[in-house]
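Comments concern the structure below.
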Amino acid sequence: MPLFGKKAKQAKGAIDENQTISQSVTRPGEESPASNGTAKNEVTQKNEAPTPQPRPKLVFHCQQAHGSPTGIISGFSNVKELYQKIAECYDMETDQILFCTLNTHKIDMSRLLGGQIGLEDFIFAHIKSQPKEVDVTKSEDALGLTITDNGAGYAFIKRIKEGSIMDKTPLIAVGDHIEKIDGKSLVGCRHFEVAKMLKEIPKGKTFTIRTVEPMKSGFSFVGKSTGKKGSSGLGTGKQTLRISSKGEAKVEEAEEYVSMAVDKINGLLESFMGINDTDLSQQIWEAGSGKDNPHDFAMAIDNSDLQDFGFTDDFVFDLWGAISDAKSGRLAKPNIQEFSEDF
């Protein structure tokens with residue numbers, strides 16, 4: 001029945017008051033706000049998109065190799081960021097760090113920090129010390145050097161062949177950063193660029209090489225890790241943090257056959273090119289591990305930044321042999337102590 005007069009006004013006033021409070025009126029075909037309305041929909045949406053859980057924060061302990069308090073670093077995803085974090089920890093410039101070793105403060109080239117860090121590894125940063133300059137006469141085709149780099153702009157000497165020209169040269173030592181050749185700065189150059197420059201020096205020519213040695217330890221013992229790592233809850237020592245000069249860091253399980261393949265490839269790089277780079281070896285392995293034949297592997301190299309290295313067809317075939325042997329289980333641990341540099 002229609003409402004008239006005072007009752008109609010009272011009813012209209014009641015409706016206006018309810019609209020002011022709830023800002024909604026149930027219409028035919030709509031659900032009641034008290035039951036299945038907006039409030040419930042909001043709850044449902046929140047349940048469908050829960051707040052993502054933060055990723056575990058990997059924490060590593062470090063020291064300066066010549067002696068320092070223990071620092072704690074985290075939050076890096078590539079090699080350059082790692083060096084930056086170490087520099088920030090000790091209030092120094094990043095370019096003061098030559099290279100890092102794992103679990104030893106000594107200049108031990110077998111313990112160089114490369115593309116992987118075990119979750120329980122202790123990092124030692126080797127810091128710049130005194131520069132040295134010496135004249136060298138290239139009396140033979142090969143100087144006897146194996147060169148690597150730190151992934152952040154410094155190429156340095158990883159190995160000196162016994163009895164070679166550089167072995168007989170005073171002042172030059174394993175661990176030295178090759179800063180200049182004949183006055184030309186090599187800071188920012190990759191190891192293969194430095195190796196190529198040394199190779200192209202004509203036989204019989206005398207050149208000037210300037211190196212910078214790492215600071216030596218003033219004591220024989222550096223404090224070891226307490227074992228209380230922030231990463232210890234994430235797994236065992238078999239897990240590693242995979243890092244590179246670019247891209248994101250990833251925690252991976254260490255596969256023995258992959259490690260053996262990377263070692264074999266690194267041995268080939270050292271023998272044929274005079275360079276040592278586990279990150280590059282890992283990249284080569286990844287380019288070939290999913291391929292079925294050497295042609296596809298060669299195409300993968302040509303279509304990636306690996307083509308910058310200018311690998312010969314014969315060398316690519318040797319690399320494929322190492323990859324194929326690893327995939328089929330025929331690969332044994334390589335002995336890379338004997339090598340023949342060609343620069």
Side-chain angles (χ1 to χ4, degrees), residues 78-79 109-110 112-117 141-142 144-151 155 158-159 161 189-200 238 240-250 252-343:
N78 57 54
V79 175
M109 296 293 104
S110 67
L112 279 176
L113 186 154
Q116 292 184 333
I117 308 175
D141 292 329
L145 295 179
T146 296
I147 300 173
T148 187
D149 65 39
N150 65 357
K158 179 170 183 182
R159 215 185 315 271
K161 188 176 183 179
C189 292
R190 293 298 310 275
H191 45 23
F192 64 91
E193 295 174 302
V194 177
K196 181 180 179 182
M197 185 177 297
L198 291 170
K199 178 182 178 181
E200 292 176 347
K238 292 182 179 180
T240 61
L241 180 68
R242 169 85 187 285
I243 59 175
S244 63
S245 57
K246 55 186 177 180
E248 295 297 319
K250 298 179 181 179
E252 299 177 343
E253 289 286 347
E255 296 283 355
E256 185 177 2
Y257 76 95
V258 174
S259 176
M260 292 171 64
V262 170
D263 286 345
K264 177 66 174 180
I265 293 169
N266 212 8
L268 292 172
L269 288 172
E270 187 169 317
S271 298
F272 288 92
M273 300 183 67
I275 62 175
N276 187 289
D277 189 332
T278 54
D279 190 23
L280 173 61
S281 301
Q282 181 77 31
Q283 187 179 356
I284 292 171
W285 160 255
E286 291 175 353
S289 60
K291 301 298 182 291
D292 296 324
N293 56 69
H295 174 74
D296 291 346
F297 173 54
M299 292 297 294
I301 289 179
D302 290 341
N303 294 326
S304 70
D305 54 4
L306 290 171
Q307 64 177 336
D308 296 338
F309 290 86
F311 297 147
T312 65
D313 291 342
D314 288 343
F315 185 58
V316 170
F317 192 79
D318 287 338
L319 292 174
W320 171 253
I323 293 170
S324 178
D325 286 346
K327 291 168 63 177
S328 62
R330 296 191 301 268
L331 196 61
K333 282 274 185 183
N335 182 356
I336 62 173
Q337 294 182 1
E338 294 297 330
F339 54 90
S340 174
E341 303 89 340
D342 54 1
F343 62 89

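Bear in mind that the values here come from a model prediction, so they are computed numbers and not experimental data. We're numbering straight along the sequence, starting at 1.
Of all heavy-atom pairs spanning Asp277 and Leu269, the tightest one is O-CD1, 4.2 Å. Considering all non-hydrogen atoms of both residues, Ala287 and Ala300 come closest at O-CB, 3.8 Å. Pairing each heavy atom of Ala322 with each of Ile265, the nearest pair is CB-CG1, 4.3 Å. Of all heavy-atom pairs spanning Trp285 and Ala326, the tightest one is CZ3-CB, 3.9 Å.
Among residues two or more places apart in sequence or in another chain, the side-chain hydrogen bond (donor to acceptor under 3.5 Å, both in side chains) test is passed with Asn150 by none. By the side chain to side chain contact (heavy atoms under 4.5 Å, CB included) test, Met197 pairs with Ile181, Lys184, Leu186, sequence neighbours left out. Applying the side-chain hydrogen bond (donor to acceptor under 3.5 Å, both in side chains) test to Thr312 and every residue at least two apart in sequence or in another chain returns nothing. For the side-chain hydrogen bond (donor to acceptor under 3.5 Å, both in side chains) test, residues two or more places apart in sequence or in another chain that qualify with Asn293 are Asp296.
Rounding to the nearest 0.5 angstrom, the gap separating the CE atom in Met273 from the CG atom in Leu268 is 11.5 Å. Distance check, rounded to the nearest 0.5 Å: NE2 of His295 to CE of Met299 gives 5.5 Å.
Across Arg159, Lys161, Lys158, Lys264, a single residue satisfies salt bridge (charged side-chain N to carboxylate O under 4.0 Å, His left out) together with Glu270, and that is Arg159.
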Trace of the side-chain contact (heavy atoms from CB on, under 4.5 Å) decision for Asp305 with Gln283:
CA-CA 10 Å; Asp305 54 4; Gln283 187 179 356; 2.7 Å; yes

Identify each donor-acceptor pair in which a side-chain atom of residues 313-320 lies under 3.5 Å from a protein atom, sequence neighbours left out, and give them as a table.
none

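Looking only at side-chain heavy atoms (C-beta outward), Ile275 and Leu280 come within less than 4.5 Å of each other. In this structure, the side chains of Ile284 and Phe309 stay at 4.5 Å or more apart for every pair of heavy atoms. At a threshold of 4.5 Å between non-hydrogen side-chain atoms, the residues Lys291 and Ile323 do not count as touching.
Remark: the backbone N or O of Arg190 is not paired with any side-chain donor or acceptor of Asp149 at under 3.5 angstrom.
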